[in-house]
Novice: 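Please find one structure pasted underneath; my questions will follow.
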Amino acid sequence: MGKEKSLLAHLLVSSGDYMAVNIFNLMLIPLVAYHYNDNSFYISLFDSGFAIGSMIIVAYIANFSKKLGMNNSAVIGLLLQSLILIIISLNINVIFAFLLIIVYGSANSFSITIFNTNLQKRSTSEFMGRINSVKNFIVSLLTITLIPVLSRVFDISIEYGLLASGLVLFSYSLISFLLGRRFVYGKDYLSKEITIEKIENKKLA
């Protein structure tokens, strides 16, 4: 059962980056409206910054993940996104915000790639459909649960909304860190192989 549980943990934590994308889309318009004089140019600027960050990290993912380790890479990607949201809540200079959003996009793309690549590696092709279904269900469930709450917090205050969103992503990062400790699943929990045959044998046992 250990490997099955580690797979479910993998799916749960990997939903964090999809939440980060939803949070970015949720925060963009109110962020510009309240911190940057509702200048529509900045909406395009920040949106482009996220896209730029997502693209420029691609060439470095393999090298970074080898140096940092798989679990550390996932933790760092999520942690960076959470910290950036907290910093942006301070109403910083627009250029600094733009640069941070580039890093946000890079961190998001980095950890999404780490989670998804390892998810594909640790399961057989015939099992992949079921895994994707479970992952999509988890993402959808968390989205319809958390996003309305965060949206309400953004309505109260852009600063509170960003801080709450940062806290959500920090929680994902912390959970991923703890799951990779020896007393839970170990540092290789993102790469433990799992197949249909192994699950069936465990069920028969």
Side-chain angles (χ1 to χ4, degrees), residues 2-3 6-25 27-28 45-88 92 95-125 127-128 131-132 134-136 138-139 165-195:
K3 289 186 178 180
S6 75
L7 178 61
L8 289 173
H10 186 158
L11 293 171
L12 175 62
V13 179
S14 68
S15 68
D17 291 299
Y18 297 95
M19 286 298 302
V21 175
N22 288 329
I23 287 170
F24 178 78
N25 292 329
M27 76 170 188
L28 187 56
L45 180 70
F46 293 155
D47 201 30
S48 299
F50 184 91
I52 291 168
S54 298
M55 291 186 291
I56 61 176
I57 192 63
V58 172
Y60 305 100
I61 290 176
N63 288 334
F64 285 164
S65 61
K66 286 179 182 178
K67 291 179 181 179
L68 298 171
M70 288 300 175
N71 187 50
N72 288 338
S73 296
V75 171
I76 290 171
L78 289 165
L79 180 61
L80 277 175
Q81 291 172 85
S82 70
L83 293 177
I84 287 169
L85 291 178
I86 293 170
I87 294 172
I88 288 177
I92 58 177
I95 300 301
F96 187 31
F98 172 67
L99 294 175
L100 284 178
I101 287 173
I102 290 177
V103 178
Y104 187 90
S106 293
N108 183 264
S109 181
F110 180 56
S111 46
I112 277 182
T113 302
I114 295 297
F115 282 124
N116 287 345
T117 299
N118 282 281
L119 198 56
Q120 292 174 4
K121 286 181 178 178
R122 70 183 300 199
S123 46
T124 58
S125 58
F127 195 35
M128 202 63 214
I131 290 177
N132 283 329
V134 174
K135 181 180 74 174
N136 291 337
I138 291 172
V139 172
S165 299
L167 182 59
V168 168
L169 297 186
F170 178 79
S171 298
Y172 273 104
S173 176
L174 180 60
I175 291 170
S176 183
F177 173 79
L178 293 175
L179 290 174
R181 299 310 93 193
R182 186 177 300 176
F183 61 86
V184 185
Y185 297 124
K187 64 181 180 180
D188 63 339
Y189 90 96
L190 291 177
S191 56
K192 290 180 179 178
E193 183 182 0
I194 181 168
T195 64

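Position 1 is the first residue of the sequence, and the numbers go up from there.
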Novice: When rounded to the nearest 0.5 angstrom, what distance separates OH in Tyr104 from CG in Leu169?
Specialist: 5.0 Å

Novice: Kindly give the heavy-atom pair with the smallest separation between Ala20 and Asn108, and that separation in Å.
Specialist: CB-ND2, 3.5 Å

Novice: Any side-chain to backbone donor/acceptor pair from Ser14 onto Leu11? Under 3.5 Å, distance only.
Specialist: yes

Novice: Do you know which two heavy atoms are closest between Asn116 and Tyr18, and how far apart they sit?
Specialist: ND2-OH, 3.0 Å

Novice: Side-chain contact, heavy-atom cut-off 4.5 Å: Ile92 with Leu100?
Specialist: yes

Novice: For the backbone of Ser106 and the side chain of Ser109, can you confirm whether one donor and one acceptor N or O come within less than 3.5 Å of each other?
Specialist: no

Novice: Rounded to the nearest 0.5 Å, how far apart are CG of Leu79 and OH of Tyr172?
Specialist: 15.5 Å

Novice: For the pair Thr117 (side chain) and Ile114 (backbone), establish whether a donor and an acceptor sit closer than 3.5 Å, ignoring hydrogens and angles.
Specialist: no

Novice: Where is the tightest heavy-atom contact between Leu68 and Ser73, given as atom of each residue plus distance?
Specialist: CB-OG, 3.6 Å

Novice: Using every non-hydrogen atom in the two residues, find where Ser54 and Gly105 come nearest and quote the distance to one decimal.
Specialist: OG-O, 3.4 Å

Novice: Does atom CZ of Phe170 have more than 12 heavy-atom neighbours from other groups under 6.0 Å away?
Specialist: no

Novice: Could you report the tightest heavy-atom contact between Gly16 and Leu78, atom names first, then the distance?
Specialist: C-CD2, 4.1 Å

Novice: How long is the span from the CG atom in Leu178 to the CG atom in Leu174, to the nearest 0.5 Å?
Specialist: 4.5 Å

Novice: Give me the atom names and distance for the closest heavy-atom approach of Gln81 to Ser111.
Specialist: NE2-OG, 3.5 Å

Novice: Answer yes or no: is there a side-chain heavy-atom contact under 4.5 Å between Leu80 and Phe110?
Specialist: no

Novice: Taking the side chain as every heavy atom from C-beta outward, state whether Ile102 and Ile56 have any atom pair closer than 4.5 Å.
Specialist: yes

Novice: With Leu28, which residues qualify under side chain to side chain contact (heavy atoms under 4.5 Å, CB included), at least two apart?
Specialist: Phe24, Ile43, Phe46, Asp47

Novice: Calculate, to the nearest 0.5 Å, the distance between atoms CD1 and CG belonging to Ile88 and Leu83 respectively.
Specialist: 11.0 Å

Novice: Do Ser82 side-chain atoms and Leu167 backbone N/O form a donor-acceptor pair below 3.5 Å?
Specialist: no

